[in-house]
Amino acid sequence: MDRSRPLARRPLVTLLTAAALAASGLTALTSAARAADADLARNGGFESALDGWTCTAGAVVNAPVHSGGAALKATPAGADNARCAQTVTVRPDSQYTLSGYVRGTYVYLGASGTGTTDVSTWAQSAPDWQRLTTTFRTGPATTRVTLYTHGWYGTGAYHADDISLTGPGGETGQPPAVPGGLTAGSVTSTGVALSWSPVPGATGYAVYRDGTRVGTVTGTSTTVTGLTPSTAYAFQVAAVNDAGESARSATVTVTTAERPDGGGSGDLPAHALVGYLHASFANGSGYTRLADVPDSWDVIDLAFGEPTTVTSGDIRFERCPVSECPNVESDAEFKAAVKAKQAAGKKVLISIGGQNGQVQLTTTAARDKFVSSVSAIIDEYGLDGLDIDFEGHSLSLNADDTDFKNPKTPVVVNLIAAVKTLKAKYGDDFVLTMAPETFFVQLGYQYYGTGKWGGQDPRAGAYLPVIHALRDDLTLLHVQDYNSGPIMGLDNQYHSMGGADFHIAMTDMLLTGFPVAGDAANVFPPLRPDQVAIGMPASVNAGNGHVSPAEVNKALNCLTKKTDCGSYATHGTWPELRGLMTWSINWDRFANWEFQKNFDAYFG
């Protein structure tokens, strides 16, 4: 239950100095655009929401505005300057004027990729709308330029409006032809392989599922994942180039396969209660014998299996010593309790990691040792599967690891391989759950690893490749919605612990999917609702972010019934949401079983 650490903040003086140097070399402004010039910025007044813009932390507001009915509001964070950008088509060796209106402290407007000298201008303090303007000339081979605006790290929100780029328009040509030959290949319970014929002049292809764009690819094939078993889907593709997007192809309708035996569901009830049992320590809440865990608990995670050293991969499960837990049962009694729980339809898993159990599978030897040592624990106690609770510095991404669908970092690749080996060994009945922190999952909407420009925490979003690679084997993902800093939701607003809103926003992201690091062409697909439970502290003693039963019920109502949703608008309704996870069973007993009783009352 390690508390997330903030991302590194860059020195303010560095950017201010750079901006001042850039500003000193600006070309003199022209008094007016030439008659043949046009405004090339798309949606510069933000009247069409963020259409045309890519923003790390931006949203459209109705006030204050410079003109019209909308403006941009973007909020920098500790390691994010809230950059919004768009790329426009320009002519080589031509003069352009960039301008816009801004409000706030340290607001920047600039252009990059000019082919000559990239330019920027900034307002140190603009309590009311202030016009920024600069000019540049494109290089002899430049056909595209990126416009951007941003603020400064941690200095508060800024506003921008009426951004324009005047100058001669580029040769955009015509959108490509409609793709033909769309066909479906292999179909699984959660994915469909698609392919189509190439289109001359296309630079990419947009893929649509049931009328919604779900991603773009550069080739002529893709696999759409995150689908629901035994469900019909309609797919189309469109060809894309600098001039725009073609009409969509003919529709191909595909029905996914039935969920295989086991199917990742682990034969769980429709709504399951998951809890961690302090099996190797007491932690102030007192020791609870496995046999004394009430029948309400459907999945019991034994906390924790820990490595002999951080990089050994050698996992050991040491039961709580009598000196710490005077009422601890014997090994024989413990094993008998496991069998009794299983006979009652419950699942008992070994949870690996926790706050103190850092696990880094840096080598293939560590990977193989992980498999053999975890197998030994499962076999000795007759357990149903594995819970991955890697926290702290267990997972991080190398600087060149930028695609969650194709990870390169050894600790990530080896973990995926190890779990797949365990799944293959134990078969479809093997139960696999994960309990990452929000820092490693939902934060990936804004940041992934060190980022394109470096300087970010390499752990940001580092669970995403693990979840994605194992999604067809995953029984439950229950992200820890506690001990978390503010996290940006799909509404581009920050959400904080302490109420239903946080759980609604964080869970909606898992069930809707989201672009990783703001890249609309790199979308983390949604999980099935039966694969998702919400992680919450059982009591105020268990962790930061505890909410009352009333707030728990509001979150469940919103996500499963679309009632009690408050200010956050979900992107769907998911009555098949699997349930709740809590840290921990021991702490819930300490609090007179409040969490369990509320779950039982809600789901009947």
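Index from 1, following the sequence.
Of all non-hydrogen atoms in Thr409 and Asp401, the two that sit nearest each other are OG1-OD2, 2.6 Å. Contact record, Ala555 with Ile504: CA-CG1, 3.8 Å, taken as the closest heavy-atom pair.
Screening Phe599, Trp574, Phe603, Tyr602 against His271 for a ring pair (Phe, Tyr, Trp, His ring centres under 6.0 Å) leaves a single residue, Phe603.
For Asp564, the salt bridge (charged side-chain N to carboxylate O under 4.0 Å, His left out) test picks out no residue, with sequence neighbours left out.
For residues 459-570, the disulfide (SG to SG under 2.5 Å) pairs, not counting sequence neighbours, are Cys558-Cys565.
A cation-pi arrangement is not found for Lys423 relative to Phe430, the charged atom failing to lie both closer than 6.0 Å to the ring centre and inside a 45° cone about the ring normal. Geometrically, Arg471 engages Phe524 in a cation-pi contact, judged by NZ or CZ lying under 6.0 Å from the ring centre and within 45° of the ring axis.
Taking the side chain as every heavy atom from C-beta outward, Asp387 and Ile350 never approach each other to under 4.5 Å. Residues His278 and Ser285 form a side-chain contact, since some pair of their non-hydrogen atoms from C-beta on lies under 4.5 Å apart.
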Given Leu415 and Val412, is the side-chain contact (heavy atoms from CB on, under 4.5 Å) satisfied, shown in steps?
CA-CA 5 Å; Leu415 175 61; Val412 172; 6.0 Å; no
Go through Val516 and Val523 one step at a time and tell me if the side-chain contact (heavy atoms from CB on, under 4.5 Å) criterion holds.
CA-CA 6 Å; Val516 176; Val523 175; over 6 Å; no
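Defined by atom type and a distance below 3.5 Å, a donor-acceptor pair is missing between the side-chain atoms of Asp292 and Thr288. Looking only at atom types and distance, the side chain of Gln446 has a donor-acceptor partner in the side chain of Tyr494 under 3.5 Å away. Thr570 and Lys562 form a side-chain donor-acceptor contact under 3.5 Å, judged by distance and modelled atom types alone. For the residue pair Asn586 and Asn283, no side-chain donor N or O sits within less than 3.5 Å of a side-chain acceptor on the partner. If you check the side chains of Gln358 and Glu306, you find no donor sitting under 3.5 Å from an acceptor.
For NZ of Lys554, the number of neighbouring non-hydrogen atoms (other residues, nucleotides, ligands) closer than 6.0 Å is 12 at most.
Aromatic pair Phe440/Phe390: centroids not less than 6.0 angstrom apart.
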